[in-house]
Each structure stands twice: as structure tokens, then as C-alpha cells.
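Everything quoted here is computed from the prediction, not taken from an experiment.
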Amino acid sequence: MSYEEVALLVERVSGERLLSDQKIRQIVSNKALIISQDINKTIAATLAKNDDKVVQVNANVDIYNPEEKEILLFDDGIQVKSQKAERQPKLDQSKKNQNLCRVKTPAIITDIVLLQKPTTKFEYIATPINANGEDLLSLASVIKAKILQEYGSQASPLNLVAITDGARTIRHRLLSIFGLEVTIILDWYHLCKKLRELMSMIANNKLEKAKHLKFLFSQLWQGNTAIALGYLKHQVQVRNLDKWQELIGYLEKHQHEIINYKRRSQAGKTLGSGRIEKGVDLTVGLRQKNKGMSWSRLGSRALSLLKVAELNGQWQQLWFPAPAA
């Protein structure tokens, strides 16, 4: 519901105009800042206590063994439209054409991480914010502290497996926390999506596209990236050279993250990042990406933090803390 709808609902239930939409927005922002201060304090204390501690991960996780226990980590981001600093008056078409070169307002990006806990349940992780909606800590610092809180007492290296969409920022974040030993799997859904998008511009017609995709999917499903690359380089008649080179570059760059999905599937293990895709939709997308919406940085990030708290089962305690004994 929008803040305006909530204000009207409160009025219908109570019979009085107790809250305006602006007041509700302020309550949300204030509560998110309180949450942020608590997160910031906890994370800072954990990192200070473990100042020199490095998160040790197993470089040789047997991702195809159904008996091998894994700690799954999902990382994804979502962006929403940012409000302009000043509301511009409506322009007629001729003036619109003259202003096409204006710089667009940057999108507001919210990164959400999902970490599997020792109880096998998952916790949503987001960065705390300041009064401007900017990060108080890096997401990498928050992830590291959360892992130390949950697994710091474990003596052996962690069987951590990160499943991502292959974004460069996510890979760099994981490497900064865990080093080169971390196991990263390229999500099967995003791999297929990328292939379909680029092959639509590479193949000469729909028939050839279907033929190429059938072969590429079958090989990549079994982790045969070298065969898929050889096929692309020698068996495909190219309509768009730039997109063909982009696809080859994409497969080469992610070659070490493309696994034998068939074997992992037979082991009953997770192949994709659908859990976090749904997570970012729940935390941000469903509420903030409706048609015509734009957000301030603080408004967007504050609402996301409250949703993270709700998904983590902290809602009741957040708003109605148990009375002191």
C-alpha cells in the first residue's frame, strides 16, 4: 500500500485523521535509521573483536556430493527510479526534444544478500544507512561480520558456495571477503537468459536460433563450456559480429563458474539464484517498482530495511518490544 492509502485506512478505522502520508513516511525513515544504528553497532563490535581474522573457505567443495554440507550464499541487486532533485514543469513536445540531452537521474540500487545459517534457515542481509540513505558500512563488511557471528567458532574452512548472476560487482565483493578460494556458481537461469538474448541477435533466423540454442543448452547443462565455445566459433553463421564476440567473451569469462548442472541437479542441490531473485522482489520490487514511481534515496532504502527486518522475523520485536522485566 502507498503511504496515502495507509493514512486513509487509519482514518477509516479510527474515525480521525491521525496520520498523514508524510508522517508515515517519516516514521518509516526514523525506524530504519534506528535499525541501522543497531546493525552498525553490532557489526562494528564483531569486526573489532575479530580484527585480524580471515574467513577461511574450502577451495575444494564437492558440489556434486549429496552428502557434502554447504553454506549457500546468494547476492543480488535491484534498482528503482530516483526522484529528481527538483520537480520540473511539464514541457510541450518541441521543448522535450530540445532537452533530450539532459542527464538522467541515477537509479537507486539496493543490494540484498541471503546467507544460510547453521540452522539451515536463511537470513536476509542489507547495509545500514545514514540520514541521507547512504551506506554506513560496505556490504562486504556486513557479510563478513554475519559469517563470523554464525560460523566464527568453526575451526575447519567453511564449505561456502555462492550462487550469483555473474555480475562483476558481486564477484569482486565475494573475492574481497573470501579470496580466490571461494566457490562461485553461475546461476543456470541467468546463463540461459543471456544465451537467448544474444543468440536472438546472432542467428540469421528463428530456425537457426532454435538449433544453436538446443546444442548450446545441452552442452552447458553438462558443463562442457569448451565444446560450446568451439561450436560458437566454428559452427555458427553470424549476423551480428559484436554480439557474437560478446557471447564468446561472456562464456570465457565465466568458464570457471559454469558447472555440470546436470550432476548437481541429480545430487538434489541448488542450481539457481531464484531464492534471492524472489528476495529482492519482496524487499524492493513489489513495493517500489510500480509504474510511475520514483524515490528518494532515504525513502527507498528505509523501506527496504524494514522489509528485510520483516522477512527475518523481527517485525513484532521491532515495533512492539517486550516490556522490560
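- Using a cut-off of 4.0 Å between Lys/Arg side-chain N and Asp/Glu carboxylate O, Lys289 and Asp281 are scored as not salt-bridged.
- When only modelled atom types and interatomic distance are considered, Thr46 and Gln149 share a side-chain donor-acceptor pair under 3.5 Å.
- A cation-pi contact, defined as under 6.0 Å to the ring centre and within 45° of the axis, links Lys31 to Trp319.
- Between the side chains of Thr225 and Gln255, no donor N or O sits under 3.5 Å from an acceptor N or O.
- Scanning both residues, Arg287 and Ser2, for their nearest heavy atoms gives NH2-CA, 3.3 Å.
- Closest heavy-atom contact between Arg264 and Thr270: NE-O, 2.6 Å.
- Evaluated for a side chain to side chain donor-acceptor pair (under 3.5 Å) with Ser200, the options Lys209, Lys206, Arg239, Lys243 yield exactly one hit, Lys209.
- Heavy-atom minimum distance, Ala302 versus Ile129: N-CD1, 3.9 Å.
- The cationic atom of Arg263 (NZ for Lys, CZ for Arg) lies less than 6.0 Å from the six-membered ring centre of Tyr64 and within 45° of the ring axis.
- More than 12 heavy atoms of other shown residues, nucleotides or ligands fall within 6.0 angstrom of atom CD in Gln154.
- Exactly one residue among Asn58, Asp62, Asn60, Thr183 makes a side chain to side chain donor-acceptor pair (under 3.5 Å) with Asn159. That residue is Asn58.
- Contact between Leu298 and Ala131 at its shortest, heavy atoms only, is CD2-O, 3.3 Å.
- Heavy-atom neighbours of Arg168 CZ from other residues, nucleotides or ligands within 6.0 Å: at or below the threshold of 12.
- Within a 6.0 Å sphere centred on CD of Gln237, heavy atoms belonging to other residues, nucleotides or ligands number 12 at most.
- Closest approach of Leu271 to Tyr261, counting heavy atoms only: CD2-O, 3.5 Å.
- Test Lys144, Lys121, Lys117 against Glu150 for salt bridge (charged side-chain N to carboxylate O under 4.0 Å, His left out) and you get one pass: Lys117.
- A side-chain donor-acceptor contact under 3.5 Å links Thr164 to the backbone of Gly166.
- The neighbour count for Leu241 CG, taken as heavy atoms of other residues, nucleotides or ligands under 6.0 Å away, is above 12.
- With hydrogens and angles ignored, the 3.5 Å screen pairs no side-chain donor or acceptor of Asp187 with any backbone N or O of Ile163.
- Of the possible polar contacts, none joining the Trp295 side chain to the Arg301 backbone as a donor-acceptor pair under 3.5 Å is found.
- Relative orientation of the Phe215 and Tyr231 rings is parallel, given thresholds of 30° and 60° on the angle between their planes.
- Between Glu246 and Lys194 there is a salt bridge, since at least one side-chain N of the basic residue sits less than 4.0 Å from a carboxylate O of the acidic one.
- Of the possible donor and acceptor atoms, one in the side chain of Asn130 sits under 3.5 Å from a partner among the backbone N and O of Gly133.
- Lys253 places no side-chain N or O within donor-acceptor distance of the main-chain N or O of Ile248, the cut-off being under 3.5 Å.
- The two residues Leu318 and Ala309 make their nearest non-hydrogen contact at CD2-CB, 4.1 Å.
- Side chains of Ser20 and Arg25: a donor-acceptor N/O pair is absent below 3.5 angstrom, by distance only.
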